[in-house]
K.L.:
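Once you've had a glance at the structure underneath, I'll fire off some questions.
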Amino acid sequence: MASPRLLRRCLLAVLSAALVGTAAVGPARAQSAAPAATAVTTFSDTFDGAAGSAVDGSKWTLETGDNVNNHERQYYTSGTKNAALDGQGHLVITARKENPAGYQCWYGSCQYTSARLNTAGKFNAQYGHVEARMKIPRGQGMWPAFWMLGTPVNWPDSGEIDVMENVGFEPSTVHGTIHGPGYSGSGGIGAGYSLPNGQAFADAFHTFAVDWAPDSITWSVDGNVYQRRTPADLGGKTWVFNKPFFLILNLAVGGYWPGDPDGSTQFPQTLVVDSVSVTTSDSAAGVPIRGLAGKCVDVAGANPANGTAVQLYDCNGTGAQTWTVGSDGTLRALGKCLDVVGNGTADGSAVQLWDCTGGPNQKWVVSGAHDIVNPQANKCLDVTGNNSANGTRLQLWTCSGGANQKWTLG
């Protein structure tokens with residue numbers, strides 16, 4: 001019997017293929033495939049390979065050297081000593097307490113080795129859903145990160161998006177931040193997310209993600225949105241996040257922010273990466289969803305507050321009608337998810353905008369017949385009363401094949 005992990009990998013592959021090839025997967029009943037309403041391109045690495053083998057060189061480059069600017073204590077190495085697959089579908093980045101042979105750091109002898117990987121020159125993202133599922137290390141002085149740099153690199157003017165950073169003295173908290181001209185370093189703009197009840201991020205795998213559009217970046221942990229940044233947050237400074245960025249994974253040791261390891265820090269420490277993916281549509285800002293009378297799925301009043309009604313309205317090209325297809329089966333606008341009120345499954349259950357939670361009431365499948373189906377209810381996104389008037393609320397209803405249940409992405 002296949003392992004649960006293998007089954008999950010196969011399922012992800014099937015869903016990814018469906019998104020890329022058809023943007024259509026049938027609900028419980030059989031459906032024929034339809035041409036894609038919008039192309040979806042996915043960067044994905046699930047780190048399958050023999051134990052001890054190197055990462056895929058067509059996707060990642062291993063950087064070498066130290067980091068002068070942050071006063072970090074590690075030297076990044078090439079090869080597999082500090083970055084290797086574990087044979088169980090993970091990349092393991094290992095920080096070791098050792099002096100790298102033959103190398104003198106800028107500010108003195110390096111005391112640790114580690115690894116830093118990037119996709120520069122091999123893959124650039126520009127907008128979309130960017131995520132990594134990881135288990136971080138623990139201990140004073142540890143500084144794991146999943147982040148992106150704008151191209152060509154001319155920091156800070158070229159921009160930086162930190163999807164996830166953790167410093168070891170905050171075991172329950174991760175940070176998401178943007179840096180750019182006039183808001184870099186300690187002046188970066190961001191927020192933290194903390195696990196409840198003193199849980200530590202090092203205890204289990206968690207999924208760290210951003211949903212990135214031309215005028216917004218939204219951060220989430222395990223599907224829970226905790227901040228959204230737009231040009232309005234910059235106080236008149238320049239928004240530099242409308243161009244390609246490449247991905248970076250690294251485990252730093254020491255530095256101005258985390259401080260140095262102390263006697264409580266045990267080595268080696270590991271950052272274990274289960275998967276990295278980027279899902280983007282052929283429209284940088286997402287796509288409209290068109291339905292009855294050629295009108296669009298719309299967030300009422302362009303209001304991103306939880307509980308805002310989702311309705312039918314004349315198509316106008318605004319962010320309230322711009323939807324992205326998440327790799328997790330969600331439909332997202334304004335940094336939040338299309339959600340069935342109260343986790344309802346009955347005919348007439350209204351839909352709304354809500355923080356992304358990963359719940360089954362936020363999962364949607366676009367069928368080859370142009371239905372948008374909530375698999376938990378096995379019911380269709382429906383225009384109430386077949387009424388094409390602006391402001392008509394959308395709901396769940398038993399799939400009937402009517403025009404008020406037919407939708408086109410793009």
Side-chain angles (χ1 to χ4, degrees), residues 18-19 22-40 281-283 285-305 307-326 329-334 336-354 361-410:
L19 283 170
T22 66
V25 179
R29 58 195 185 283
Q31 299 280 357
S32 59
T38 178
V40 176
S281 74
D282 62 354
S283 171
V287 294
I289 302 175
R290 302 176 191 274
L292 187 66
K295 296 187 176 184
C296 283
V297 176
D298 176 275
V299 179
N303 184 356
T308 300
V310 176
Q311 61 186 8
L312 195 72
Y313 209 87
D314 289 334
C315 297
N316 54 35
T318 65
Q321 298 181 357
T322 300
W323 299 88
T324 57
V325 180
T330 56
L331 292 172
R332 299 173 179 237
L334 302 179
K336 295 190 176 181
C337 280
L338 183 66
D339 174 284
V340 182
V341 174
N343 207 30
T345 59
D347 282 348
S349 296
V351 297
Q352 62 183 0
L353 198 70
W354 199 269
N361 60 324
Q362 296 183 349
K363 304 295 186 183
W364 303 92
V365 174
V366 184
S367 80
H370 296 286
D371 303 318
I372 297 180
V373 179
N374 174 243
Q376 173 178 247
N378 195 28
K379 292 183 178 177
C380 283
L381 185 66
D382 176 282
V383 181
T384 302
N386 200 27
N387 183 353
S388 63
N390 283 343
T392 301
R393 188 78 179 259
L394 303 187
Q395 62 179 5
L396 283 186
W397 200 269
T398 300
C399 298
S400 65
N404 59 323
Q405 294 181 352
K406 297 302 178 185
W407 307 97
T408 300
L409 277 67

K.L.:
For the residue pair Gln352 and Gly307, what are the closest heavy atoms and their distance?
P.N.:
OE1-CA, 3.4 Å

K.L.:
With a 4.5 Å heavy-atom cut-off, do Leu396 and Thr345 have their side chains touching?
P.N.:
no

K.L.:
Could you check whether any side-chain N or O of Lys336 sits under 3.5 Å from a backbone N or O of Pro304, counting only pairs where one atom can act as donor and the other as acceptor?
P.N.:
yes

K.L.:
Any donor-acceptor pair under 3.5 Å linking the side chain of Thr384 with the backbone of Arg393?
P.N.:
yes

K.L.:
State whether the side chain of Asp382 and the backbone N or O of Leu394 hold a donor-acceptor pair below 3.5 Å, judged by distance alone.
P.N.:
no

K.L.:
Where do Trp397 and Lys379 come nearest, in terms of heavy atoms and distance?
P.N.:
O-CB, 3.4 Å

K.L.:
When rounded to the nearest 0.5 angstrom, what distance separates OH in Tyr313 from OG in Ser388?
P.N.:
13.5 Å

K.L.:
Before you tell me yes or no, could you show the steps for Trp364 and Val340 under side-chain contact (heavy atoms from CB on, under 4.5 Å), namely the whole-Å CA-CA distance, both residues' side-chain angles and the distance that decides it to 0.1 Å?
P.N.:
CA-CA 10 Å; Trp364 303 92; Val340 182; 3.8 Å; yes

K.L.:
Mind checking the CG-CG spacing from Leu353 to Leu331? Nearest 0.5 Å is all I need.
P.N.:
11.0 Å

K.L.:
Checking side-chain contact (heavy atoms from CB on, under 4.5 Å) for the pair Gln362/Asp339: CA distance, chi angles, key distance, verdict?
P.N.:
CA-CA 5 Å; Gln362 296 183 349; Asp339 174 284; 2.9 Å; yes

K.L.:
Working to the nearest 0.5 angstrom, can you tell me the gap between Leu409 CG and Ile372 CD1?
P.N.:
5.5 Å

K.L.:
Looking at Ala300 and Thr308, what are the two nearest heavy atoms and their distance?
P.N.:
O-CG2, 3.3 Å

K.L.:
Which value, rounded to the nearest 0.5 Å, describes the distance between Leu338 atom CG and Ile289 atom CD1?
P.N.:
7.0 Å

K.L.:
For Arg290 and Cys315, which heavy atoms make the closest approach, and how far apart are they?
P.N.:
NH1-SG, 3.3 Å

K.L.:
Taking Leu381's backbone N and O only, do any of them form a donor-acceptor pair with Trp407's side chain (distance below 3.5 Å, no angle check)?
P.N.:
yes

K.L.:
Rounded at 0.5 Å granularity, tell me how far CD in Gln376 sits from CG in Asn378.
P.N.:
11.0 Å

K.L.:
Donor-acceptor check, side chain of Gln321 to backbone of Lys295, threshold 3.5 angstrom: yes or no?
P.N.:
no

K.L.:
Atom OG1 in Thr322, atom CG in Asp298: separation rounded to 0.5 Å?
P.N.:
10.0 Å

K.L.:
Checking the side chain of Asn361 only, and the main-chain atoms of Gly344 only, is there a donor and an acceptor separated by less than 3.5 Å?
P.N.:
no

K.L.:
With no hydrogens and no angle check, is any side-chain donor or acceptor of Thr330 less than 3.5 Å from a backbone partner on Cys337?
P.N.:
no

K.L.:
Of the non-hydrogen atoms in Gly348 and Gln395, which two are nearest, and what is the gap between them?
P.N.:
CA-OE1, 3.4 Å

K.L.:
Search all heavy atoms of Cys296 against all heavy atoms of Pro288 and return the closest pair with its distance.
P.N.:
SG-CB, 3.9 Å

K.L.:
Using modelled atom types only, decide if a donor and an acceptor are shared between the side chain of Asp371 and the backbone of Val373 within a distance under 3.5 Å.
P.N.:
no

